[in-house]
Amino acid sequence: MTAHYVELARALSPEASLVLGALLLVGTDAALGKRWPAKVRLDVATGIAAAAIVIAGVFSWRVGAVGRAFGGVFNLDTLAVAGRLGVFGLALLVLGVTAGARPLRNAVDYVAIVLFAVCGFSLMTAANHLLLAFLALELASLSLYILVGFDKNRPESAEAALKYFLYGGMAAAFLLFGFSLLYGLTGSLELSRVSAALVFMGLNPLLGVALAMILVAFGFKTAAAPFHLWAPDAYQGAPLPAAALVASASKLAGLILFTRLFWSGLRFVAGNASIPDVVPGWISIVAALSFASLLIGNLAALAQTDVRRLLAYSAVAHAGGLLLGVITAGQAGGGPVFYYAVTYGIATAGAFGVLGLVDVGGGGLRIVDLAGLNRRSPLLAGCLGVFVLSLAGIPPLAGFFGKFAVYAAALSFQGVVSVTGGLAFLAIGFSAVALYYYLVVLKQVFVTSPAEGSGRIRVPVIAGLTLSVAAGLLLVLGILPSLVLRWLE
Amino acid sequence: MNLLPWTIYLSFAGALVVWVAGARSAQAARVLALVVALSGWGAALLAAGQFTPGAGMQPLVNCPWVPEWGLRYQLGADGISLTLIVLTGLAATAGVLFSWNIEERTNEFFALYFALIGGVYGVFLSMDAMLLFVFYEIAIVPKYFLIARWGSTRREYGAMKLALYSFAGSALVLAGLLWAYAQVGSFSLADLARATFDGGQQRGLFALMFFGFAVLAGLFPFHTWAPTGHVAAPTGASMLLAGVVMKLGAYGCLRVALPLFPLGFAYWQPVIAWLAIAGIIYAGLAALVQTDFKFVIGYSSVSHMGFVMLGLAAANARAVSGAVLQMFSHGIVAGLLFAVVGRMVYDRTHTRDLRDLGAMLLQRRMPLVAFIFVIAGLASMGMPGFSGFPAELAILIGAWRTSPIWAFGAALGIVIAAAFTLMAIQRAFFAGNSGIDVAADGPEVDRLTWPEMAGAGLLVVATVVVGLKPDLLQAWIEPSLQSPELQALWKAGAR
């Protein structure tokens, strides 16, 4: 048994680093922070948090893809390693832009909670066990509810947190119920044993209920329609860095968790979406969610006037594509969905980061408030241009290749003439619609003149550097996707 | 070392250099832009000098790009690519000269301009269909900003319409490419050509890719972005749009859709031909009734691109060689027409309404401009001695070989082109009462500046040289049409 615990300590060293980092920064602040100005306290806390995340990243790299650990509770495959590193990278991006966003009361606690959330994400990417999956998800979710409601000066923040919490709590209840049914049916919590038990069982009604409940939680976590209604309000009300975390790292971790759950645990009830009456299974439902998300996300985004709500509906639309990636992961592996989610995460977190700085600069966050941003701050405008064009899927930015990978996988999943193939064509068609609402944003940024009285926006060094690195990363990953793909294969 | 790939690198690097180094002074940005354009053109011409015409693609670069997905960074050139590369260099240089008066954020204008040019060079050199698509997309976004920021009449509408049409077309292309990729596992044009698709797949794949690319070529009825976009664009961007960007669409049709799916082409051939003829005639008639000088030229572009599409639809070596020559010719002539209308006339008179222009007696105030426009008009009508003549003649002969009635339809278009061009010349320059004393009446107009003279000179010389000696280009184009990839097309095209 001792050997197991050594193994466990090794497998969990990244999470340990994150938790110790959080404790250290709270302790440091409690011991010394009283004498420092707020700015210094936040900078010290951010520094410690960033160091903890970097160390966690080094640990997870050094542990490497060792496969199942601790009796199959974790599965540290390449997807898990990639997912952990992706989540850490996105968290660093969010921390970097926090430095430039509107200051919060008790910002040090905020940073500590970000670390706990990241710890949850990190566990989510490696969880191979229903109970651990649920705990990791809850650790992440509870941290995120707090972060979304952290801005106590704005009632919208509280409203957003409440909405997010009620939806999330409901989804968690569904998930737990689904897991308990699954446990009752298979007698196991570990995914490979669940899977083995399902080989001969087939899809019975009770399993159908369990699947439906799990899919509700999945829909919530990925902001897929029709479970997306929390997203616009949460994105709009939350402090912008918190929204960035919800939209990026949380989504990446959730997608990896559910991809693993579906394909490692529920592989034998996947079904075939093209002939759902003959081979029923969860793929049909995920395909339906994907269809609804593409439709609702893209069309609703056309009507938005607030940038944050626009990004929320764009997130719904992207969820449609990401769900296709989850479906095709059974054949193409997790590479396409990971690449899509990580590039989407960088772009959307970066966009929220830019909005955070614009928000500090004053003047609201409607689309028209971005007018003349390239005069007010060329750096922010350039970065936002890269992020938005990447979201729109314009090559050579990385967003294009994320979509490319997923759609190509979808077309070869069950042939071109199939439900997944049709969804890929639909998604490609909608990308032309999507270009419209992204260009509406960029038109304000680059074409329209700034409003009277809006001055230049001062960009703090750390935030500016972080955003530039993120934009540069999207360009580099777009021109050379192999840098990431090489070790995902 | 072959210089052709450097056209791409020089343009993208140039975009960056102009943007950074030209930030302080507009004049520095202009001069740098001219240097960048000339160096790209120079590289193209030097490479053309070393080029030995032969059948098939001559590989330039071939290395793995994304091995995990089977993408290769594969560049190559044949006579067709080379013709269009030289055209791009020429149009880019002339476009810089006619953008000399851009004062507002000059460096950003030229940075976007060269990002667009780099994409165009890339498309003409790509031997991998996904690489081609990536360059094709790179060319779309700068267009939007060039028009929306520096344009005139309804610029935001024109820019958005153009971007959405282009992007919708490229979405069709992407769908087709991914479909083919799902079967073959590679995007290399050579691999795709070796793959066997059955008849039904070919019909679908051909339709997606051909019509997707044809949107940008201005094929009727997907052409409506072209007149509004051209009119809204600043002069330099109009010249590029009509001069090279519309060629991207036609080139995509010729390089990707036609040779890869000959059976699909045989199915769609009559549809394409009749759409092309409808476009030639419809756009010509529309040009006849425009009152905005620039719209006349905008519709004439659509009409002339109809000839290119007809040449492709006729699918024999004569017609396709004419189509490529027409791409070159139209690139120069449309550039010249837009330069006259947008830069020389509009920037001085601040109107493009033919009725107002007629009253200004422009042939007396600006005799040189009138002369240049007459030359450009003659070239545009397809008069012997100018580049349009051998091109349109070859297309008509080729179309006749495939189906005589197509040649009749297109010939009608030539008559209409003569009508609207002559009417535009007459109404814009020669309509007023010539008895009025010009010196006493009406505002003085500025003389032509040296960049305008130089740009116009380049384009006029090019159209005359190619008109008198089309062999210069045909010596490159025609051997390329004997390549093995195109043999299936000739068979499918013979009706």
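Chain letters run A, B, ... following the sequence lines, proteins first and then strands; every chain starts at 1. These numbers were taken from a predicted model, which means no experiment stands behind them.
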task: Classify the angle between the aromatic ring planes of A:Tyr438 and A:His318 as parallel (below 30°), tilted (30 to 60°) or perpendicular (above 60°).
output: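 A:Tyr438 and A:His318: tilted rings.
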Does any backbone or side-chain atom of [X] lie under 4.5 Å from a heavy atom of chain A? Answer side chain, backbone, both or neither.
| X | result |
| --- | --- |
| B:Val141 | side chain |
| B:Glu156 | side chain |
| B:Leu71 | side chain |
| B:Ala159 | neither |
| B:Pro67 | both |

For the interface with chain A, which of [options] has the highest count of heavy-atom pairs at distances below 4.5 Å?
| options | value |
| --- | --- |
| B:Tyr144, B:Tyr181, B:Trp150 | B:Tyr144 |
| B:Met130, B:Arg155, B:Glu108 | B:Met130 |
| B:Gln201, B:Met160, B:Gln183 | B:Met160 |

Counting only non-hydrogen atoms closer than 4.5 Å, does [X] touch chain B with its backbone (N, CA, C, O), its side chain (CB onward), both, or neither?
| X | value |
| --- | --- |
| A:Phe401 | both |
| A:Leu389 | side chain |
| A:Ala405 | both |
| A:Val440 | both |
| A:Phe425 | side chain |

Is there a donor-acceptor pair closer than 3.5 Å between any side-chain N or O of [X] and the backbone N or O of [Y]?
| X | Y | result |
| --- | --- | --- |
| B:Trp268 | B:Arg203 | yes |
| A:Trp263 | A:Val326 | yes |
| A:Gln331 | A:Phe413 | yes |

Any heavy-atom pair between the side chains of B:Phe197 and B:Leu263 that's under 4.5 Å?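 They are not in side-chain contact.
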If you count the non-hydrogen atoms of other residues, nucleotides and ligands that lie under 6.0 Å from OH in B:Tyr73, is the total more than 12?
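Enclosed: over 12 neighbouring heavy atoms sit under 6.0 Å from OH of B:Tyr73.
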Exercise. Inspect the surroundings of CZ in B:Phe211 and state if more than 12 heavy atoms from other residues, nucleotides or ligands are less than 6.0 Å away.
Key: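 Correct, the count exceeds 12.
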Point to revise | Nearest atoms (heavy-atom pairs only) where B:Ser238 meets B:His230 | key: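 Nearest heavy atoms, B:Ser238 then B:His230: OG-O, 3.0 Å.
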Q) Which pair of non-hydrogen atoms, one from A:Leu255 and one from A:Thr259, has the smallest distance, and what is that distance? A)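 Reported closest heavy-atom pair: O-OG1, 2.5 Å.
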